[in-house]
**Student:** 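This structure is in structure tokens; I'll ask about it shortly.
In listed order, ligands and their atoms are each counted from 1. Only heavy atoms go into these numbers, but all of them, side chains included; no hydrogens, no water, no symmetry mates.
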Amino acid sequence: MLKPKDHVLVIFGASGDLTKRKLLPALLRMEAQGFLPERFAVLGIGRTEYSDHSYREHMGQELEKFSFSGDLSDSKLLKQLYYVALDTSSVDDYSRLKRKLDEITEVDKIPQNFIFYLATPPSLYEIIPAALAAHNLNRETTANWRRIIFEKPFGYNLASARKLNKFIHSCFEEDQVYRIDHYLGKETVQNIMVTRFSNGIFEPLWNRNYIHHVEITSAESIGVEGRGGYYENSGALRDMVQNHLLQLAAIMAMEPPAVNNPTAIRNETLKVFQAMRPFTEDDIRGGIIRGQYMASTIRGDQLKGYREEEGVDPASRTETYVALRLFIDNWRWGGVPFYIRTGKRLPTRVTEAVIHFKPTPHRLFCFYESAMNHDNQLVIRIQPDEGILLKFGMKVPGAGFKVQEVNMDFHYSDLSSSFLPEAYERLLLDCMNGDATLYARGDAVDEAWKLIDPVLGYWDGHPDTGLHGYPSGTWGPQPADDLIEGENLSWRYPCKNLTQDGIYCEL
Ligand code: BG6
């Protein structure tokens, strides 16, 4: 693994949740593996007043409290933390940031290579780049580079994403811009490319001739967890589909790139976004299912309904579940539906992409107690229990030719070196090395919004569009099952018509 060049990582939003839960733990793990540069510093920026010393102390306590399981006493990183309090919306204040950077680079002998990480609310996504540019902190020279990382959400709809992209490009070049989609940082998502393009056996079958449909599920058992305020303005479509799940679909569907480099790979995923068939009003009305979780009791635990969560309107029509059917109109995928669904407060946490192969053209054998579905499935388990599972038919021993479904199952945890890096570790390291392969490119983000925008527009204009209540702890609303067409076909975890204290209903 390439060791990054010496630099300073500047984190805006340094006293926030993301910094202590994800970014600093990722940096500590990178340090433990020797992935951090020789000369390196982290400069935290926030509104709260800290000195370098009190910020180090505060972060040390926070890390120990809930996010880092390693031994902090071995870490040099905590001593490389600096802090400056400033009002991020005041351009003048950035002269203090500049002075601090000069001081750190001078004292620690670090070249003026900077990464600016915006772990802030999106309302600052124009203000911070503009202020950095006003102080020339965006300018690269032959000796020094400058990069900027944006957390999601990147835009609220197509118009705002375009405006934001345009504005950012007035301050930074596209090759300096890194838009995080943490799903792309997941080891198992990257492994989709390796599975497809480094094995001879899968790719010949990976097309409309052999694949009946593709299913992508991202289920969470948690609810909105105190993020009601954010979620009310987002909903499952914006929060999960526009970014993570469309990116995942693009990797499942892309053509093999000619070479393994960021431009070649991102050119191929862009083509998939461009081929996604726009949703018509009919598709939106009948083919996109929205749900919202309702109160229920699971094993004695009372779970709140979405409308009872803090920061949520008691009459909210925000979706916490969405299921849709998508077509990719190109030669490889013409006519193959991609079924995508995601939801909160489902029975378990699982993200997987499933290839459902077409059945044999002629059924020769009888199927044993219908244990064998009609289709062979290749299940790519993104999380948890990362791995790949192939389901196929095998003869039941004994008389006759009965066929039963069996599994060939690979788990990452079976590998002797089964350490799976966290998405943020991989993404931070890649940015430090100037590799944007696993970051979303501006044109792809634009295409993804182009697909989703009409749906959001339709829902806004037709507030009475169906919203199905589902009891917390179930697999979402029943109509989602009817999306999948075909004899005996269903989601891998179909909805069950529950009649608990929560009942499926129209909200
Ligand atoms: C985030 C969403 O981007 O992804 C959250 O904002 C969601 O609502 C999370 O819970 C899921 O990520 P993961 O890695 O746990 O699947």
**Student:** Could you list which atoms of ligand 1 come closer than 4.0 Å to a heavy atom of K152?
**Tutor:** 1 (C), 2 (C), 3 (O), 6 (O)
**Student:** How far is atom 15 (O) of ligand 1 from its nearest protein heavy atom, and which residue and atom is that?
**Tutor:** R349 NH2, 3.5 Å
**Student:** Honestly, is R146 close enough over F116, meaning NZ or CZ under 6.0 Å from the six-membered ring centre and within 45° of the axis?
**Tutor:** no
**Student:** Check whether the side chains of S160 and N157 place a donor and an acceptor atom closer than 3.5 Å, and report yes or no.
**Tutor:** yes
**Student:** Is there a polar contact, in the sense of an N or O pair closer than 3.5 Å, between Y231 and ligand 1?
**Tutor:** no
**Student:** Write out the residue and atom name of the closest protein heavy atom to atom 11 (C) of ligand 1, then the distance separating them to 0.1 Å.
**Tutor:** E220 OE2, 3.8 Å
**Student:** Taking distance alone, with no angle check, do T351 and ligand 1 share an N/O pair under 3.5 Å?
**Tutor:** no
**Student:** Pick whichever of R238, H244, M240 has a heavy atom sitting closest to atom 3 (O) of ligand 1.
**Tutor:** H244
**Student:** Short list, please: which atoms of ligand 1 are under 4.0 Å from a heavy atom of K344?
**Tutor:** 5 (C), 7 (C), 8 (O), 10 (O)
**Student:** Name the closest protein heavy atom to atom 6 (O) of ligand 1, giving the residue it belongs to and the distance to 0.1 Å.
**Tutor:** D239 OD1, 2.6 Å
**Student:** Considering non-hydrogen atoms of the protein only, which is the closest contact for atom 14 (O) of ligand 1, and what is the distance?
**Tutor:** K186 NZ, 2.6 Å
**Student:** Which heavy atom of the protein is the closest neighbour of atom 4 (O) of ligand 1, given with residue, atom name and distance?
**Tutor:** H182 CE1, 3.4 Å
**Student:** Heavy atom of R227 under 4.0 Å from ligand 1?
**Tutor:** yes
**Student:** Using atom types as modelled and distance alone, determine if a side-chain donor or acceptor of R345 lies under 3.5 Å from a backbone N or O of S221.
**Tutor:** yes
**Student:** Kindly confirm or rule out an N or O of S218 lying under 3.5 angstrom from an N or O of ligand 1.
**Tutor:** no
**Student:** Distance only, no hydrogens: is a donor on one side chain within 3.5 Å (strictly under) of an acceptor on the other, for H468 and Q478?
**Tutor:** no
**Student:** Between H58 and Y55, how do the two ring planes meet: parallel, tilted or perpendicular, split at 30° and 60°?
**Tutor:** tilted
**Student:** Between the side chains of Y306 and E232, is a donor N or O closer than 3.5 angstrom to an acceptor N or O?
**Tutor:** yes
**Student:** So, N165 and R179: side-chain donor and acceptor under 3.5 Å apart, yes or no?
**Tutor:** yes
**Student:** Would you say Y183 contacts ligand 1, with heavy atoms under 4.0 Å as the rule?
**Tutor:** yes
**Student:** When you check the side-chain N and O atoms of Y178 and D430, is any donor under 3.5 Å from an acceptor?
**Tutor:** no
**Student:** My understanding is that only one of I355, L326, I340 makes a side chain to side chain contact (heavy atoms under 4.5 Å, CB included) with V214; could you say which?
**Tutor:** I355
